Amino acid sequence: MHKRDKSAGALPSIQKTNSFFQDVWDVARQIPSGRATSYGAIAAYLGAKSSARMVGWAMNAVHNFPDIPAHRVVNRNGMLSGKAHFSPPERMEQLLKKEGIEVKDDVIVNFKEIFWNPTDELSL
DNA sequence: CCTTTGACTCACT
DNA sequence: CAGTGAGCCAAAG
């Protein structure tokens, strides 16, 4: 080995960048059905509440992982900010409704009630 | 290597 | 009460 093997190939990161991203995916994967969380909540759980944007980046990298329910991750307002990044944008709210989450005008209804806080649930 | 963007959030005006 | 600005960190160009 010389210094850095940046030739990953198919997967861009993952193999070498398993810090923040994998942590985000691990939390997102633990989101129960019918529940939703926010980027800041996950970031806060990871101890990087200031990096809520990075959580979104992690979701983008996870786009190829069907095991990561990115549709359960929304912004602080409960709005489907990332719906535009789904295969069909409508797919996000469709999945949420499918799980029993009511979505109105691209915003999760009763978001506060279905809000799943990893810092509270996983910290237990 | 430096610049720009990006699925956010908080705070101030 | 609503809109705009700045902060944040990392990856892609």
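Letters A, B, ... mirror the listed sequences (proteins, then strands); counts begin at 1. Please read all numbers here as calculations on a predicted model, not as lab measurements.
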If you draw the axis of the six-membered ring of A:Phe65, does the NZ or CZ of A:Arg29 fall within 45° of it and under 6.0 Å from the ring centre?
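Ring-cation test returns no.
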
Could you check how far [atom1] of [X] sits from [atom2] of [N], rounded to whole Å?
X       : N      : atom1 : atom2 : value
A:His63 : B:dG6  : NE2   : C1'   : 14 Å
A:Asp23 : C:dA10 : CG    : C1'   : 15 Å
A:Asn77 : B:dT9  : CG    : P     : 7 Å
A:Arg76 : B:dA11 : CZ    : P     : 12 Å
A:Trp57 : C:dC9  : CH2   : P     : 16 Å
A:Met79 : B:dC8  : CE    : P     : 8 Å
A:Phe20 : C:dC8  : CZ    : C1'   : 11 Å
A:Ile42 : B:dA7  : CD1   : C1'   : 11 Å

Among [options], find the nucleotide with the atom closest to the side chain of [X].
X       : options              : result
A:Phe86 : B:dG6, B:dA7, B:dT9  : B:dA7
A:Met54 : C:dA10, B:dA7, B:dT9 : C:dA10
A:Asn75 : B:dC8, C:dA10, B:dA7 : B:dC8
A:Phe21 : B:dT9, C:dA11, B:dA7 : C:dA11
A:Tyr39 : B:dC10, B:dA7, B:dG6 : B:dA7

Between CG of A:Leu80 and CZ of A:Arg91, what distance do you get to the nearest 0.5 Å?
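Going from CG on A:Leu80 over to CZ on A:Arg91, the span is 13.5 Å.
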
With sugar-phosphate meaning primed atoms plus P, OP1 and OP2, does A:Ala43 contact a base, only sugar-phosphate, or nothing at under 4.0 Å between heavy atoms?
nothing

For residues A:Arg35 and A:Phe115, determine if any side-chain heavy atom of one lies less than 4.5 Å from a side-chain heavy atom of the other.
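In short, these two side chains do not touch, never coming nearer than 4.5 Å.
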
Any donor-acceptor pair under 3.5 Å joining the side chain of A:Arg53 to the base of C:dC8?
yes

Ion pair check, A:Arg72 and A:Glu99, cut-off under 4.0 Å
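Salt bridge flag = yes for A:Glu99 with A:Arg72.
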
Are any side-chain N or O atoms of A:Asp105 and backbone N or O atoms of A:Val107, one a donor and one an acceptor, separated by less than 3.5 Å?
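Looks like no, no N/O pair under 3.5 Å.
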
So, is A:Ser38 near the phosphate of B:dC8, with a side-chain N or O under 4.0 Å from OP1 or OP2?
no

